[in-house]
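Count residues from 1 along the sequence.
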Amino acid sequence: MKKGRFALIIVAVAVILILASVAGGVFYTVKPNQYAVVRQFGKIVDIKDEPGLKIKVPLIQNVSYISKEIIFYDIPESDVITKDKKSMVVDSFVLWRITDPGAVIRTLNATRGRAEERIEAAVYNAIKNIISSMNQAEVIEARGETLTQKITAEAGSDIAQYGIEILTAQIKTFSLPADNQNAVYERMISERQNIAAGYIANGNADAQKIKNETDKQVELQLAEAQKDAAILVAEGEQEYMRILKDAYNSEEKAAFYEYIRGLDALKESLSGSGKRTIILDKDDELVKILTGSSLSE
């Protein structure tokens, strides 16, 4: 009797273990940062990307997991050649993630190492193609955002076939080989100096043009002003003569005018320091004025 109970207990324990094993093989959990790949006899039959508790066929199906997180990959430095045949050393990095686990499994066997090898090749090719279309000075002066967008787009297009998305492929630093750094900087300085000299020359030419135009305008205005002044002087003299003519329109007034002018001339002749001697002809108007004969005539 005891042996029968003991056998029943053993059978019950075995059943419980079998049921537990089967239950463990039925359920599996998908985390928020995972893809769950369900295989049946080695063939992919389902891919779960929603988190939660899932069910599979025990003993027949098995589950593997692939990360869906964003991964940082620091790409080793590499040499590139610019359009003007100058060598540059590029240091870059990539942020990437898996978007199609099925494609990653089929093409890269879902290994991170093989995925990053493909990513490194795609980014290097994109950098090489873009930099080779630019002169070295253009590369040095280029905005980082523009280069990043171009490299990311080209590398992303190349790597998409593997079920991988490149979020950003960014150049950290550009450096020059030690043997030509000084030559590059000196050439860039020389080019900037030439550009500056061109601006200065153009500015001086424009300034001289403006000065010449201004001088021309000034000369024209002065000539016009002198012309107007000459006209005013002529009109003034004309008016002056008209006034004199009206003022001395009789013989008496004319004789008085001649008398006053003669006195003014004599006064002007005798002005100044020291003694003055004037020798005049007896018929000179001044003699007539001094002797009074001019008034008596």
Is it the case that one hydrophobic cluster holds both [X] and [Y], taking links as side-chain heavy atoms less than 4.5 Å apart, direct or via other members?
X    : Y    : value
I151 : I71  : yes
M134 : Y124 : yes
I55  : V57  : no
I44  : Y162 : yes
V45  : V30  : yes

- Message: Taking K150 first and then E154, would you say they form a salt bridge - that is, a charged N and a carboxylate O separated by under 4.0 Å?
- Response: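 No salt bridge links K150 with E154.
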- Message: Can you tell whether the side chains of D158 and R118 come within less than 4.0 Å, N to carboxylate O?
- Response: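 Answer for the salt bridge query: no.
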Once you round to the nearest 0.5 Å, how far does [atom1] of [X] lie from [atom2] of [Y]?
X    : Y    : atom1 : atom2 : result
D215 : E219 : CG    : CD    : 6.5 Å
T152 : E165 : OG1   : CD    : 10.5 Å
T82  : K128 : OG1   : NZ    : 14.0 Å
D79  : I81  : CG    : CD1   : 7.0 Å

Side-chain donor or acceptor of [X] paired with backbone N/O of [Y] under 3.5 Å:
X    : Y    : value
E138 : N135 : yes
S133 : I130 : yes
Q34  : K31  : yes

- Item | Polar contact flag, side-chain donor to acceptor under 3.5 angstrom, Q217-E213 |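 Yes, a side-chain donor-acceptor pair sits under 3.5 Å.
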- Message: Restricting to side chain to side chain donor-acceptor pair (under 3.5 Å), what partner residues turn up for S132, sequence neighbours left out?
- Response: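 By the side chain to side chain donor-acceptor pair (under 3.5 Å) rule, S132 matches no residue at all.
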So, do [X] and [Y] sit near enough that their side-chain heavy atoms are less than 4.5 Å apart?
X    : Y    : result
Q170 : F93  : yes
V90  : E77  : no
V38  : I47  : no
I119 : V123 : yes
T148 : I171 : no
I98  : Y35  : yes
M88  : I140 : yes
V89  : V80  : no

- Query: Yes or no on side-chain hydrogen bond (donor to acceptor under 3.5 Å, both in side chains) for Q208 and N212, after CA distance, side-chain angles and deciding distance?
  - Reply: CA-CA 6 Å; Q208 187 61 43; N212 293 340; 2.8 Å; yes
- List, by chain and number, the other hydrophobic cluster members for I195, where Ile, Leu, Val, Met, Phe, Trp and Tyr join if side-chain heavy atoms come within less than 4.5 Å, directly or indirectly.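 Once heavy-atom contacts under 4.5 Å are chained together, I195 belongs with Y199.
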- Message: Through direct or indirect side-chain contacts below 4.5 angstrom among Ile, Leu, Val, Met, Phe, Trp and Tyr, which residues connect to L222?
- Response: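 Once heavy-atom contacts under 4.5 Å are chained together, L222 belongs with V218.
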- Item | Selection residues 59-69 - residue pairs positive for side-chain hydrogen bond (donor to acceptor under 3.5 Å, both in side chains), sequence neighbours left out |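 The answer is N33-E69, R39-S64, Q40-Q61.
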- Sequence neighbours excluded, every pair satisfying side-chain hydrogen bond (donor to acceptor under 3.5 Å, both in side chains) that has a member inside residues 98-110: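 Those involving residues 98-110 do not exist here.
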- Applying ring-ring contact (aromatic ring centres under 6.0 Å, His included), name anything that partners F41, two or more places apart in sequence or on another chain.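 F41 satisfies ring-ring contact (aromatic ring centres under 6.0 Å, His included) with no other residue.
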